[in-house]
Structures are given as C-alpha cells and as structure tokens.
Number of protein chains: 2
Amino acid sequence: MPCGGKGTTGTGRRLRCVADETNTRTLPATSWAVLGLLSFGEELSGYDLKKWSDWSLRFFYWSPSFSQIYSELKRLEKAGYASSRMVAQDTGTRDKRVYRITDEGMAAVREWAREAPVDPPVLKHGPMLRLWLGHLLEPEQMREVLVQHREFSERMRLRAEADAEGAQDEAAWAYPTLTLKWAERYYASERDLAAAMLADIEALAPAPESGTRP
Amino acid sequence: MPCGGKGTTGTGRRLRCVADETNTRTLPATSWAVLGLLSFGEELSGYDLKKWSDWSLRFFYWSPSFSQIYSELKRLEKAGYASSRMVAQDTGTRDKRVYRITDEGMAAVREWAREAPVDPPVLKHGPMLRLWLGHLLEPEQMREVLVQHREFSERMRLRAEADAEGAQDEAAWAYPTLTLKWAERYYASERDLAAAMLADIEALAPAPESGTRP
DNA sequence: CTAGAAGTATTCCTAATCGAAATACCTGCC
DNA sequence: GGCAGGTATTTCGATTAGGAATACTTCTAG
C-alpha cells in the first residue's frame, strides 16, 4: 500500500501520491545512474554524460537516451543534487551547460548506493525470445540467431577487456575496473551459452553438413 | 531516416510517421512476445497470458504488466492478428474474454521470428550499477549487495531447473525447454560471476574475519 | 571552394512501458 | 461475518525510450 495511505477507498476522489517532498530518496534508477556518473567529481555536460554512459555503463546498464539524460539533469538540479553553469567555448562551438554534483547530491547517491534494496536485474533477451518460439523457425534460422548473438557477445567481451586494460592504472577507477572485469566474464559466458545452445540444437536437429561422415 | 521520408526539412510543419498501414511488421517487441505466447495455439485470457509470461518468459524476457498485456491484445485484435470472444464461466466467476491467434497472426509472428534483425539484449543490472559506484560504499556493503545477488541468481537457477524438468516430456515444449536449459546455465553463471567478484573485492579490501589466521 | 558528412549540444514530441490502484465478484478459512 | 486471496480487467499517472528537429562547426572529397 504505497503513499502510506489507508483510507483511499470510499470517496472515489482522485488521490495523488505527493511523494513527500522531504523524502528525496525516491528517484528512479536512471536518476541515480546519472548522479553516479557525476559522483566521480567532474563537471560534465549532458552530451559528455551520454558519451560516458555509452562507454562505461552500457556493459551492464542500458545507456539512457539524450532526452532522458537532459531531463534527469533538470530534475537533479531542481532537487538540489546538482548545480549547473553555462560555459562559453573558445572557438566557435555553441555554449554549453555543465553540471556538477552538490554535497547533498553526494550524500543522497551515497545513501542510495548503500541502503537501497538489491533488486533483480532487468533482462530483455530478444534472441532468446525468438529461440523460445523455435516451433516457428527452421533449425537453420535458429542457428543464425545464435551465431549472431555469439558474435555480438564476443565483440562486447573484447571491448570490455580493452576498456578494463585502459582503466586499471588509475586508482580512482578501481571499482569501475572491477565491474569491467565482471562484464568481460559476463560476455564470455553469454558467448559460451550461445555455443552450448547451438550444440543442443545440433543434437535435436542435426545440420545437413555434420554427422554425415562414413 | 525512418518514415522513408527524405524531404522533411524545409517547412517546419509537423510530420507524423503514418506507419504505412500495409507494412504491419512494425510492432514493438512486447507485441511479438504476446503474439508468441498465443502462437502455441491455446485460447487465453489476458490474465492467463500474464501468468504464462510470469512463468516462462520471465527467465529471459521481463514480463510485461497486466495493463500492457491487455492493450497489446487490443492492438493485436485490431491488426487482425488475434480474435476474441467472451466466455461465460460455469459457476459464479466473472465472464472473461479469451483470445486466439489468427492465420495472419501466425504468419506475422513467424515472419518476425525468422526475419527480424538480431538485436542486442537489454540489460539493466542494478547491483552492478551500485558496485560500479564502489567509491561510495564500504567493502562490507559491496559484499552484501553481491551476496544477495548471488542468492537471487541461485533461486532463479533452481526455478528454471524445476520448470525445465516439468516441461521436458511434452514434445510441444521442446524449444521452450531448450531456453529453460539456457536460463539454468545463465543463472548459474550469474551466481558464479557474483562469487568471482566477491573474491576480487576480497583481494582489494580483505574482510576483518579472513586472512588473519597465524 | 563548396557541398555534404560527421561531431557537438540540446530540445521536442510521441509511443512504449510500468506499476499501483480501482473495480468486481467468488471461494475458503477462522 | 469478515477478510484474505484468487480471478479478471480497466484506468491513470509517471517513467522510459528514442527518433526528429535545430543549430552551428569542422573536416573532407569532388
């Protein structure tokens, strides 16, 4: 029963969840991701943030869109968790607005990282959804989906590996490096899982090429 | 450049993507998931569909909410991919509307499963996001997050294992059984990855209890 | 030298999705 | 007799996704 309300039945009136202005830990996960990006201390524009999240977060947390990053920044500023200023750029390029985390923001994101309940990861595995519908596919098409997924996984693994190597020297990146190592193993596992399923399919419906040796 | 349009610049007028009534393969992924559920041939209500997807899809594809399932069903019916009828229930219980896939729906979902491009899975790994922010946590809290995630993964693995066992006898469930086996391995890997990261953290910041033996 | 591609930077709009709550009726248990 | 819990669906607001528009710059190929 959210909103802490008990007596919402009875009148039929519309009741709004007012989110209790003092209770600020109720931001959506993506806000925390953006604030987390800022918690490393640099002053960044929305565009920078998008690039950072594409590079680092994307291995384990779907990178938010531009529009969302910009609206999160506005929300964070309104909440007092970030401050911004315009900077004029040297030559030509358009002025930009850069954001910096505030002390309140630091305290809030630290509290979130420490205290929030651990919820299950969200996975939307398109390739598996299609394989689940195997009765609609020819074995050859199932293989094709898996081969492509295996290749994608290996590309991701290589990228995580390269990024981990690039990050391991900076002490400030110790924990991001740890998660990059995790990502390296995760994508290695995805690759191997695809290979294992390929073998399972082979067992169910042997490909014309294989197993025909005399 | 979507909508196939080239000359959208120039007027400033608002242009709508009309989605080309004839080109029907442009449904969102969740529509295909629901149609896929129906493609096994049974006549199901929205409520049934929600339960099915909670049981089977959830291992690899985030289960859609009731509201979305019901609106997808309406969309599928309007597109001619599903038909529905009301059934009165024997004793008491409220009437319900059950949906069945049409031949067009079968053809469309088959085409989607066969021809759609293989796109990368979407992962939003909350626990990793928090570990990525390790500079905000005490080692003890990092361990706590990982331990909980490891336990969650093992619970999911056990459920996938149990479901796979229950499904393996029906020939019609051959492919769903294959993806359940995949899920079993996937969650085993998640569990092991959590354990490995726990070990990495141990190496970075030894727990007071451990390594103090003389 | 000039058109266009690509990068920087931000905003707008729409559709997709979530999740809680409202509604409604039944069964079973204490 | 009441209430917890399962079936069944709708409604609403908030969140999230992601393309398109805008605008200005630099680089590059013809």
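Just so we're on the same page: letters track the sequence lines, and every chain starts at 1.
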Check this for me, if you would: do B:Glu184 and B:Lys181 make a salt bridge, where the nitrogen-to-carboxylate-oxygen distance has to be below 4.0 angstrom? no

Counting only heavy atoms and a strict 4.0 angstrom limit, can you tell me which residues of residues 113-125 of chain A come near DNA chain D? none

Assess whether a salt bridge exists between B:Asp54 and B:Lys50, defined as any Lys/Arg side-chain N lying under 4.0 Å from an Asp/Glu carboxylate O. yes

Test item: B:Tyr187 side-chain N/O and B:Phe59 main-chain N/O as donor-acceptor pair under 3.5 Å: yes

Less than 6.0 Å separating the ring centroids of B:Trp62 and A:His125? no

Would you name the heavy atoms of B:Tyr175 and A:Gly134 that are closest together and state the gap between them? CD1-C, 3.4 Å

For A:Ser39, check side-chain hydrogen bond (donor to acceptor under 3.5 Å, both in side chains) against everything at least two apart and list the hits. B:His135

Length of the line joining A:Lys96:NZ and C:dT8:C1', which is rounded to integer Å: 8 Å

How close or far is atom C1' of D:dA17 from atom CD1 of A:Ile69, stated in whole angstroms? 12 Å

So does B:Thr30 get a side-chain nitrogen or oxygen closer than 4.0 Å to the phosphate oxygens (OP1/OP2) of C:dT17? yes

Rounded to whole angstrom units, what separation is found between the CZ atom of A:Arg97 and the C1' atom of C:dT10? 11 Å

Please tell me which of the listed nucleotides, D:dT7, C:dA16, C:dT11, lies nearest to the side chain of B:Arg75? C:dA16

For A:Phe66 and for A:Pro28, find the nucleotide of DNA chain D with the closest heavy atom, then tell me which residue's nucleotide is more 5'. A:Pro28

NZ/NE/NH1/NH2 to OD/OE distance under 4.0 Å, B:Lys74 and B:Glu77: no

At a heavy-atom distance below 4.0 Å, what parts of residues 37-50 of chain A sit against DNA chain D? none

Does the ring center of A:Phe66 lie less than 6.0 Å from the ring center of A:Tyr47? yes

Measure from the side-chain heavy atoms of B:Ser67 and tell me the nearest of D:dA8, D:dA17, D:dC12. D:dC12

Give a yes/no answer on whether the side chain of B:Tyr70 brings an N or O atom under 4.0 Å of OP1 or OP2 in D:dT10. no

Partner set under side-chain contact (heavy atoms from CB on, under 4.5 Å) for A:Ala174, not counting sequence neighbours: none

Within the pair B:Lys51 and D:dT7, is there a side-chain N or O less than 4.0 Å away from OP1 or OP2? yes

Regarding the side chain of A:Glu72, the nearest nucleotide among D:dT16, D:dG18, D:dA8 is D:dT16

Residue list, ring-ring contact (aromatic ring centres under 6.0 Å, His included) with A:Trp173, at least two apart or on another chain: A:Phe40, A:Trp52

A:Glu138 and B:Arg114 ion-paired at < 4.0 Å: yes

Verify the contact: side-chain N or O of B:Lys74 to OP1 or OP2 of D:dT10, cut-off strictly under 4.0 Å; return yes or no. yes

Whole-Å distance between C:dT17 P and B:Trp32 CH2? 13 Å

What residues in residues 53-64 of chain B put a non-hydrogen atom under 4.0 Å from any atom of DNA chain C? B:Trp62, B:Pro64

Applying the side-chain hydrogen bond (donor to acceptor under 3.5 Å, both in side chains) criterion to A:Gln148, which one of A:Glu144, A:Glu151, A:Arg150 satisfies it? A:Glu144

Checking contacts here: which listed nucleotide (C:dT10, D:dT16, D:dT9) is nearest the side-chain heavy atoms of A:Gln68? D:dT16

